[in-house]
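Here is the naming used below: chain letters follow the sequence lines, and residue numbers restart at 1 for every chain. In this text the structure is predicted, and so the values were computed from the model without any measurement. Reckoned from all heavy atoms, side chains included, excluding hydrogens, waters and symmetry mates.
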There are 2 protein chains.
Amino acid sequence: MSCGEKLAEEIRGKGFRVTPQRGVILETIAHMGGHLSVPEVFSAARDRLPGLNITTIYRTLETLHRAGMVDLFYSGSGPTRFALRDPDQAHGHLVCSECEQVMDIDESLIAHLAEEVVRETGFSIDPHHLTLVGVCDDCLSEGKRRIS
Amino acid sequence: MSCGEKLAEEIRGKGFRVTPQRGVILETIAHMGGHLSVPEVFSAARDRLPGLNITTIYRTLETLHRAGMVDLFYSGSGPTRFALRDPDQAHGHLVCSECEQVMDIDESLIAHLAEEVVRETGFSIDPHHLTLVGVCDDCLSEGKRRIS
DNA sequence: CTAGTAGTTGCAATAGTTTGCATTAAGCAT
DNA sequence: ATGCTTAATGCAAACTATTGCAACTACTAG
Ligand SMILES: [Zn+2]
Ligand SMILES: [Zn+2]
Ligand SMILES: [Zn+2]
Ligand SMILES: [Zn+2]
C-alpha cells in the first residue's frame, strides 16, 4: 500500500470521500515533503492528473486540515504553507520579523505553553505548527530594532 | 492637536516622512478603532482623500507595523486585520478553529509565555496581538472534534 | 447491480495582496 | 526661497485566495 493509499484510507475513515484528485494530492504532498504552498502542490499534482484545478487544491488542503492531517503555517509574509502532519511529533516555528529566519520549536516547550494557556483560560492550543512571531537572539543583540 | 496629527509626529520621529496620505490613514484608523482590514480602511480613507490608492494603504500599514504603531492580526480565515497599537496594554487573541470565536488574552499571561520562550530559545516574542489557534472550552466539551 | 443522495469538482467571477516602475514630493542643505 | 536626494505614491500587472453554481461521481441503501 503506497503512502497515498494509506492516507486515502485515513480520510475515508474520517468520513470524507476518496476521489482521484485527493489521492493524487495526498501522494504529491507526501512525496514532496516539507512546507508547501498551494501553487507548488498544484504544479506538481497537475503533472500526475491533467485537468486538475487549483481550486481543488485549496479546498482539499482545507478539508485535510479540518481532518487533522495537514497543518497550516502562515509566517506573516508570502503565501500560506501546508505540511503533512506528523502525529508523533508536533513541532512549531519561531519567525523572526527582522531577518525572516524560521526556527523550530520543539514539542516539549509547546506542551508547556499549551498547558499554561489551558490552565489560565480553558483554551486548548493546537500544538501542531504553532507559529510565533518576534525577534531572534541575533537580531536583538545587533539592536536592529527594539520591540516595545 | 488631533489624534491624527499626534500620530503623524510619532512617525516623523521614527524617521518616516509625513504625507497627506499617511495623515488621512492614521486619522481614519484612529477614529474607526478596532481590528480593521485594508479594504475597510481604504473605503473610509478614500472619502477623505479622493484619488487615494489601495496599494498605499497596504504599504502604509506595513510601514506603521515596522514602526511599531500598528499590529497585524491574522486569524486563519478572512483578510488580515490591523489595529492601532496600545503601548500600555499588549493584548492577544485566542481563535477557536471550531466556532470562529475570538477571545482576548491578557497581558500578564502573554508575558509569562514570552518569558518561557525567551528563556528556552533566546527568541523574543512580540507580545502585541499574539494570536493562538486552537479549540475553546465550549467546543472541546461539546466534543465537536478532538485535537490530536 | 441500480438508483438516489449528497459531497466533490471544474469553471468563471470576484476579492485580497504583492510587485515593478515611472512620477511626485517631503525633508534637508544651501 | 531653491534645488537636491531619496522616500513615497499611483498605476498596471501579476499573484494568491475565496465563492457561487452547474455538472459530476463516490458512497449507500435497497
Ligand atoms: Zn532575526
Ligand atoms: Zn513546520
Ligand atoms: Zn469554539
Ligand atoms: Zn486585538
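In this structure, A:Q21 places its CD atom 8 Å from P of D:dA26, rounding to the nearest Å. Rounded to whole Å, atom C1' of D:dA8 lies 12 Å from atom CZ of B:R66. What separates CD of A:E9 from C1' of D:dA26 is a distance of 14 Å, to the nearest Å. One can place CG of A:N53 at 9 Å from P of C:dA12, the figure rounded to the nearest angstrom. Nucleotide C:dG7 holds its P atom 16 Å from the CD atom of A:E62, rounded to whole Å. The distance between atom CG of A:L49 and atom P of C:dT9, rounded to the nearest whole Å, is 10 Å. Protein atom NZ of A:K14 is 18 Å distant from nucleotide atom P of C:dG7, rounded to whole Å. One can place CZ of A:R81 at 10 Å from P of D:dA17, the figure rounded to the nearest angstrom.
Partner B:L130 forms a side chain to side chain contact (heavy atoms under 4.5 Å, CB included) with one of B:D71, B:I125, B:L109 and no other, that one being B:I125.
Contact annotation for A:T63: no contact, since no heavy-atom pair falls under 4.0 Å across all strands.
Annotation: of the two residues near DNA chain D, B:T60 and A:V38, the 5′-most nearest-nucleotide partner is B:T60.
Put simply, the side chain of A:R12 never gets that close to the backbone of A:R17: no donor and acceptor are under 3.5 Å apart.
Closest contact between the side chain of B:P79 and the listed nucleotides D:dA17, D:dT9, C:dT17 involves C:dT17.
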Nucleotide by nucleotide, nucleotides 18-30 of chain C touches protein heavy atoms under 4.0 Å in the pattern (B base, S sugar-phosphate only, - none) BBB----BBS---
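Under 4.0 angstrom from either OP1 or OP2 of D:dA7 there lies no side-chain N or O belonging to B:R22. For D:dA17, the OP1/OP2 oxygens have a side-chain nitrogen or oxygen of A:T80 closer than 4.0 Å. At the phosphate of C:dG10, OP1 or OP2 sits under 4.0 Å from a side-chain N or O atom of A:T56.
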Name every donor-acceptor pair, under 3.5 Å, that has one atom in a side chain of residues 86-93 of chain B and the other anywhere in the protein, sequence neighbours excluded.
| unit_1 | atom_1 | unit_2 | atom_2 | d |
| --- | --- | --- | --- | --- |
| B:D86 | OD1 | B:D88 | N | 3.0 |
| B:H91 | NE2 | B:H93 | NE2 | 3.2 |
| B:H91 | NE2 | B:H129 | NE2 | 3.2 |
| B:H93 | ND1 | B:D104 | OD1 | 3.1 |
| B:H93 | NE2 | B:H35 | NE2 | 3.1 |

### Task
Could you walk me through whether B:R66 and B:E62 pass the salt bridge (Lys or Arg N to Asp or Glu O under 4.0 Å) test, one step at a time?
CA-CA 6 Å; B:R66 274 185 298 158; B:E62 165 64 18; 3.7 Å; yes
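B:I57 is listed as a side-chain neighbour of B:L61, based on a closest heavy-atom distance under 4.5 Å. B:I25 is not listed as a side-chain neighbour of B:L49, based on a closest heavy-atom distance of 4.5 Å or more.
Aromatic pair B:Y74/A:Y74: ring centres closer than 6.0 Å.
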